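Fair warning: this is a prediction, and the values are worked out from it, not measured in the lab.
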Amino acid sequence: MIDIQNMKLAECEALSRWIDPRYGFLSPDKFIPALEANREVYKVDCHALEGYGQDAEFLREKEKEIFRQLQE
């Protein structure tokens, strides 16, 4: 999401999917309820943040922009 007052990135969203070797592609409506029922949905957040950190570090090493700045 972009903050329109300063035209800067304010929030991001990650979409989670699970590709299981046995069951194949699972959409969030198939695995999130089970994680919520067992109070383990935070594990999806941790996995997404870890992936973001790895991607951001890779881009930093290559001197690439992580988020493109919008022109005013």
Side-chain angles (χ1 to χ4, degrees):
M1 178 173 68
I2 302 298
D3 182 333
I4 60 171
Q5 290 180 337
N6 62 22
M7 296 304 289
K8 292 188 178 182
L9 183 69
E11 295 180 25
C12 290
E13 179 180 0
L15 301 176
S16 297
R17 302 293 184 263
W18 186 341
I19 301 175
D20 184 89
R22 182 173 177 188
Y23 299 106
F25 177 85
L26 298 171
S27 59
D29 66 317
K30 302 293 185 212
F31 64 90
I32 295 293
L35 291 171
E36 287 175 336
N38 290 292
R39 306 187 103 175
E40 293 188 345
V41 74
Y42 71 93
K43 291 180 179 182
V44 174
D45 297 335
C46 291
H47 180 73
L49 287 171
E50 183 178 344
Y52 164 76
Q54 291 170 353
D55 291 348
E57 182 61 24
F58 174 81
L59 291 172
R60 238 187 314 290
E61 288 173 0
K62 303 291 183 193
E63 298 181 2
K64 304 278 184 178
E65 290 184 54
I66 296 171
F67 294 108
R68 180 179 60 85
Q69 294 298 317
L70 298 177
Q71 302 298 319
E72 293 187 40

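Side-chain heavy atoms closer than 4.5 Å link hydrophobic residues (I, L, V, M, F, W, Y) into clusters, and following such links, possibly through other members, connects Y52 to L59.
Note that the CD atom of Q54 and the CG atom of L49 stand 11.5 Å from one another [nearest 0.5 Å].
A48 pairs by the side-chain contact (heavy atoms from CB on, under 4.5 Å) definition with A14, not counting sequence neighbours.
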Which side-chain N or O atoms in residues 17-41 pair as donor and acceptor under 3.5 Å with protein atoms at least two apart or in another chain?
{"residue": "D20", "atom": "OD2", "partner": "R22", "partner atom": "N", "Å": "2.7"}
{"residue": "D20", "atom": "OD2", "partner": "Y23", "partner atom": "N", "Å": "2.8"}
{"residue": "S27", "atom": "OG", "partner": "D29", "partner atom": "OD1", "Å": "2.2"}
{"residue": "N38", "atom": "ND2", "partner": "A34", "partner atom": "O", "Å": "2.9"}

